[in-house]
Amino acid sequence: QVQLVESGGGLVQAGDSLRLSCAASGRTFSSYAMGWFRQAPGKERECVAAISSSGVRTYYADSVKGRFTTSRDNAKNTVYLQMNSLKPGDTAVYYCAARTGGYLYISKSDYNYWGQGTQVNVSS
């Protein structure tokens with residue numbers, strides 16, 4: 001069992017940056033693959049980034065590639081999503097998710113545990 005708590009969302013202007021954090025409970029964080037998802041009103045929840053349990057492998061959706069970076073600090077039980085050059089189209093609730101396993105997982109059905117979400121609003 002793992003509990004996830006996101007933080008770092010807010011209201012920013014286009015072109016600004018934000019860093020989201022996701023703190024996990026438990027002593028086996030290093031065995032969990034992590035994903036970052038977002039859901040805008042009326043849209044499906046989509047994976048924007050994922051990171052393997054070791055942190056060696058990462059995935060980015062085409063829409064955020066080159067602008068977003070995910071990383072993790074297993075000693076701090078925390079995963080991060082650095083978001084640069086934000087656009088109004090990035091406005092959504094952002095969720096982190098976790099599952100055991102050593103690979104990259106990009107489908108929401110792959111994940112067992114979810115945080116409560118943090119709102120990101122980007123104004124033009």
Side-chain angles (χ1 to χ4, degrees):
Q1 187 84 9
V2 62
Q3 292 183 322
L4 305 172
V5 179
E6 301 99 334
S7 61
L11 172 63
V12 297
Q13 293 186 328
D16 285 351
S17 298
L18 276 176
R19 189 175 80 156
L20 304 184
S21 298
C22 174
S25 64
R27 289 178 283 183
T28 58
F29 178 70
S30 60
S31 66
Y32 286 87
M34 303 296 293
W36 286 100
F37 290 74
R38 69 184 181 188
Q39 188 165 20
K43 293 190 176 181
E44 291 288 319
R45 190 173 297 191
E46 61 171 347
C47 182
V48 296
I51 188 166
S52 61
S53 56
S54 66
V56 170
R57 302 182 188 91
T58 56
Y59 159 85
Y60 299 98
D62 287 344
S63 58
V64 306
K65 201 171 291 183
R67 300 188 297 121
F68 289 13
T69 303
T70 188
S71 60
R72 64 190 296 159
D73 186 339
N74 285 344
K76 294 183 178 179
N77 282 16
T78 302
V79 63
Y80 304 98
L81 184 67
Q82 178 68 43
M83 306 186 295
N84 298 330
S85 303
L86 283 161
K87 304 175 181 180
D90 295 319
T91 294
V93 178
Y94 283 72
Y95 300 88
C96 68
R99 62 153 291 156
T100 55
Y103 299 104
L104 287 174
Y105 305 91
I106 62 173
S107 171
K108 58 182 184 289
S109 62
D110 289 330
Y111 288 89
N112 308 108
Y113 305 103
W114 292 85
Q116 82 288 351
T118 186
Q119 179 72 49
V120 172
N121 289 305
V122 184
S123 64
S124 56

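- Taken from CZ in Arg72 to SG in Cys22, the straight-line distance is 9.5 Å, to the nearest 0.5 Å.
- Taking the side chain as every heavy atom from C-beta outward, Val93 and Arg38 never approach each other to under 4.5 Å.
- The shortest heavy-atom contact between Thr78 and Phe29 is N-CE2, 3.6 Å.
- In this structure, the separation between OG1 on Thr28 and CG on Asn74 is 10.5 Å, given to the nearest 0.5 Å.
- The structure places SG of Cys96 at 4.0 Å from CD of Glu6, a figure rounded to the nearest 0.5 Å.
- Both tests pass for Arg19 against the ring of Tyr80: distance under 6.0 Å to the centre and angle within 45° of the axis.
- Lys76 pairs by the side-chain hydrogen bond (donor to acceptor under 3.5 Å, both in side chains) definition with nothing, not counting sequence neighbours.
- In this structure, Trp36 CH2 and Tyr94 OH are separated by 10.5 Å, a value rounded to the nearest 0.5 Å.
- In this structure, the side chains of Leu4 and Met34 come closer than 4.5 Å at one or more pairs of heavy atoms.
- At a threshold of 4.5 Å between non-hydrogen side-chain atoms, the residues Ser53 and Ser31 do not count as touching.
- No side-chain heavy atom of Ile51 sits under 4.5 Å from any side-chain heavy atom of Val56.
- Between Asp62 and Lys65, at least one side-chain N (NZ, or NE/NH1/NH2) sits under 4.0 Å from a carboxylate O, which counts as a salt bridge.
- Ring planes of Tyr105 and Tyr111: perpendicular class, angle over 60° (limits at 30 and 60°).
- Criterion: ILVMFWY side-chain heavy atoms under 4.5 Å apart, direct or through other members. Under it, Val48 and Val12 are part of a common hydrophobic cluster.
- Hydrophobic cluster membership is shared by Val2 and Val79, with clusters built from Ile, Leu, Val, Met, Phe, Trp and Tyr side chains linked at under 4.5 angstrom.
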Practice task
Run the numbers on Met83 and Val120 for side-chain contact (heavy atoms from CB on, under 4.5 Å), then give the verdict.
Solution key: CA-CA 10 Å; Met83 306 186 295; Val120 172; 3.9 Å; yes

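- By the 4.5 Å heavy-atom criterion applied to side chains, Leu86 and Phe68 are counted as neighbours.
- Figure legend: cation-pi geometry between Arg67 and Tyr60 absent, as NZ or CZ is not positioned both under 6.0 Å from the six-membered ring centre and within 45° of its axis.
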Exercise for the section: Kindly determine whether Glu44 and Lys108 satisfy salt bridge (Lys or Arg N to Asp or Glu O under 4.0 Å), including the steps that lead there. Expected result: CA-CA 10 Å; Glu44 291 288 319; Lys108 58 182 184 289; 3.6 Å; yes

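- Of the N and O atoms on the side chains of Ser17 and Asn84, at least one donor lies less than 3.5 Å from an acceptor on the other residue.
- Remark: side-chain polar atoms of Thr70 are not paired, donor with acceptor, to backbone N or O of Leu81 under 3.5 angstrom.
- Under a 3.5 Å cut-off, the side chain of Thr118 and the backbone N or O of Gly9 do form a donor-acceptor pair.
- Cation-pi geometry between Arg45 and Tyr95 is met: the NZ or CZ atom falls under 6.0 Å from the ring centre, inside 45° of the normal.
- Contact between Val5 and Gln116 at its shortest, heavy atoms only, is CA-OE1, 3.7 Å.
- The two atoms that bring Ser123 and Pro88 nearest to each other are C-CG, 4.4 Å, heavy atoms only.
- Between Leu18 and Gln82 the shortest side-chain heavy-atom distance does not fall below 4.5 Å.
- Relative to the ring axis of Tyr113, Arg99 does not place its NZ or CZ within 45° and under 6.0 Å from the centre.
- Taking the side chain as every heavy atom from C-beta outward, Tyr103 and Ser52 never approach each other to under 4.5 Å.
- Separation of atoms OG (Ser30) and CG (Asp73) is listed at 11.5 Å; rounding is to 0.5 Å.
- Judged purely by atom type and a 3.5 angstrom limit, Gln39 has no side-chain atom pairing as donor or acceptor with the backbone of Ala92.
- Thr91 places a side-chain heavy atom less than 4.5 Å from the side chain of Gln119.
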